[in-house]
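Below is one structure, written out as structure tokens, with a few remarks after it.
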Amino acid sequence: YYFIIQNLIVYSIKKMTVTPIRVQVVSDFLCPWCYVGGIRLDRAIQFLQQEKIPVQVTWHTFLIEDRIPKGGMDFGTYMDKRWGAPHPYWLIDVENSAREDEMPLKWNDIAVDTFEAHCCSEYVAKHYPEKQHQFHIALLKANYEQNKNISLRSVIGEVATSIGLDGNEIANQKEFNRDIIPKLCFKFPDVHGVPDVTFFADNKKLFHYSGAQTTQMIIMQLKKLNVI
């Protein structure tokens with residue numbers, strides 16, 4: 001009985017002293033691995049929330065391509081110009097990873113110009129930080145599952161409305177414009193590939209990873225650090 005009571009006391013103290021987790025993500029909406037990695041991260045975040053662990057996720061701007069015209073361009077044409085084939089071999093790895101994790105990946109016919117989506121995501125991060133993670137994931141899904149053209153402010157507004165934000169406000173915001181987006185990329189000069197993810201607690205780095213790591217890996221790392 002003493003052992004059981006002692007464990008209950010330790011468990012209760014742990015629950016009362018849960019440290020909020022902060023997650024910093026550097027990502028681009030055009031990157032297919034950012035879609036896969038974003039969904040995997042989102043599932044880990046949902047697990048933390050189920051465990052009653054407070055978590056705040058902030059997504060930051062990264063551009064893997066700044067030459068796509070406003071409004072986007074044909075996906076196959078873009079891939080051919082950049083990778084030498086309309087459907088380069090490495091996309092098969094993305095497809096396999098998405099299939100293994102039961103993600104409804106569907107290639108968009110449009111290679112999106114991500115400037116406007118980044119502008120609106122940065123705006124939401126500043127004014128509605130508690131909604132930015134949901135908004136960012138919704139934009140990734142809009143591109144890679146629903147095949148919407150998130151190059152367009154009107155489409156971005158629809159996505160914002162779908163998660164309970166004021167779509168007109170988000171679509172018409174002028175605080176963040178296209179000119180500022182390349183400058184925001186310089187906030188993280190050491191990031192050369194995305195997604196790039198860092199977990200913090202008490203303003204101290206818990207762990208960092210790059211690439212579309214699995215949900216299981218993320219949770220395992222958090223368990224090793226006694227976060228869960």
Side-chain angles (χ1 to χ4, degrees), residues 17-31 34-35 37-63 114-144 150 153 155-191 194-210 213 215 218-219 221-222 225 227-228:
T17 59
V18 169
T19 302
I21 301 299
R22 181 169 62 87
V23 186
Q24 169 189 288
V25 190
V26 183
S27 174
D28 188 18
F29 296 102
L30 180 61
C31 170
C34 290
Y35 160 73
I39 301 303
R40 288 172 170 173
L41 173 63
D42 183 52
R43 291 172 180 174
I45 298 303
Q46 291 179 42
F47 181 83
L48 286 173
Q49 292 170 338
Q50 290 169 5
E51 294 293 309
K52 309 300 182 186
I53 298 173
V55 55
Q56 176 69 49
V57 186
T58 305
W59 293 74
H60 298 277
T61 295
F62 190 90
L63 292 173
T114 63
F115 276 75
E116 299 298 344
H118 282 306
C119 288
C120 294
S121 183
E122 293 284 350
Y123 179 86
V124 172
K126 179 177 179 179
H127 296 281
Y128 308 99
E130 73 286 352
K131 297 286 285 185
Q132 197 223 9
H133 174 66
Q134 185 182 5
F135 180 54
H136 206 100
I137 292 295
L139 285 170
L140 286 169
K141 289 182 175 181
N143 182 24
Y144 280 107
I150 61 170
R153 285 283 187 110
V155 174
I156 295 167
E158 292 172 1
V159 174
T161 298
S162 73
I163 65 158
L165 289 166
D166 184 334
N168 288 327
E169 175 190 352
I170 306 305
N172 295 313
Q173 67 84 20
K174 297 179 180 179
E175 185 174 353
F176 292 88
N177 57 46
R178 297 178 67 91
D179 294 337
I180 201 173
I181 295 305
K183 299 174 185 177
L184 292 176
C185 294
F186 290 109
K187 288 174 63 177
F188 303 95
D190 295 330
V191 173
V194 286
D196 187 274
V197 183
T198 309
F199 278 72
F200 298 88
D202 291 329
N203 291 321
K204 296 179 181 178
K205 184 165 75 172
L206 292 175
F207 70 98
H208 162 267
Y209 67 85
S210 183
Q213 303 300 326
T215 302
I218 300 169
I219 292 173
Q221 287 294 327
L222 291 170
L225 294 165
V227 174
I228 302 173

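Side chains are part of it too, since the values below use all heavy atoms of this structure and drop only hydrogens, waters and symmetry mates.
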Could you walk me through whether I39 and Y144 pass the side chain to side chain contact (heavy atoms under 4.5 Å, CB included) test, one step at a time? CA-CA 11 Å; I39 301 303; Y144 280 107; over 6 Å; no

Under the side chain to side chain contact (heavy atoms under 4.5 Å, CB included) rule, what do Q221 and F199 come out as? Steps first, then yes or no, please. CA-CA 10 Å; Q221 287 294 327; F199 278 72; over 6 Å; no

Side chain to side chain contact (heavy atoms under 4.5 Å, CB included) between I53 and V55, intermediate numbers included: CA-CA 6 Å; I53 298 173; V55 55; 5.5 Å; no

Let's go through L63 and H118 carefully: what are the C-alpha distance in whole Å and the side-chain angles of both, what is the deciding distance for side chain to side chain contact (heavy atoms under 4.5 Å, CB included) to 0.1 Å, and is it a yes or a no? CA-CA 9 Å; L63 292 173; H118 282 306; 3.9 Å; yes

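Considering D196, T58, D190 as possible partners of V26, the one that fulfils the side chain to side chain contact (heavy atoms under 4.5 Å, CB included) test is D196.
Considering all non-hydrogen atoms of both residues, I150 and L139 come closest at CD1-O, 3.8 Å. Across every non-hydrogen atom of V124 and Q132, the tightest pair is CG1-CA, 3.7 Å. Pairing each heavy atom of I218 with each of Q213, the nearest pair is CD1-O, 4.3 Å. Residues H136 and S121 approach most closely at ND1-OG, 3.2 Å, considering heavy atoms. For T114 against L30, the heavy-atom pair with the smallest separation is CG2-N, 3.5 Å. Minimum heavy-atom separation, V194 to D28: CG2-N, 4.4 Å.
With sequence neighbours left out, the ring-ring contact (aromatic ring centres under 6.0 Å, His included) criterion links F62 to no other residue.
Side-chain N or O atoms of N143 include one that pairs as donor or acceptor with a backbone N or O of F29 at under 3.5 Å. At distances below 3.5 Å, not a single donor-acceptor pair connects side-chain atoms of T198 with backbone N or O atoms of H208. Under the 3.5 Å distance criterion, the side-chain polar atoms of Q56 are matched with a main-chain donor or acceptor of P129. Checking side-chain atoms of D202 against main-chain N and O of K204 turns up no donor-acceptor pair under 3.5 Å. In this structure, the side chain of R153 engages the main chain of Q173 through a donor-acceptor pair within 3.5 Å.
Distance check: I228 CD1 to Q50 CD gives 10.5 Å after rounding to the nearest 0.5 Å. Within the model, atoms CD1 of I21 and CD of Q49 stand 12.0 Å from one another, a figure rounded to the nearest 0.5 Å. To the nearest 0.5 Å, atom NZ of residue K183 and atom CD1 of residue I181 are 10.5 Å apart. Atom OH of Y128 and atom OH of Y123 lie 5.0 Å apart (nearest 0.5 Å). For the atom pair L41 CG and W59 CH2, the distance stands at 5.5 Å (nearest 0.5 Å). Atom CZ of R43 is separated from atom CD1 of I137 by 10.0 Å, given to the nearest 0.5 angstrom.
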Output a table of donor-acceptor pairs, distance under 3.5 Å, between side-chain atoms of residues 155-166 and any protein atom two or more places apart or on a different chain; print 'none' if there are none.
residue	atom	partner	partner atom	Å
T161	OG1	G157	O	3.0
T161	OG1	G167	N	3.3
S162	OG	V159	O	2.5
D166	OD1	N168	N	3.0
D166	OD1	E169	N	3.1

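Two residues are said to be in side-chain contact when any heavy atoms from C-beta on lie closer than 4.5 Å; I170 and F135 meet this criterion.
For residues 120-131, the salt bridge (Lys or Arg N to Asp or Glu O under 4.0 Å) pairs, not counting sequence neighbours, are K126-E175.
Between F207 and Y209, the angle of the ring planes stays under 30°, which puts this pair in the parallel group of the 30/60° scheme.
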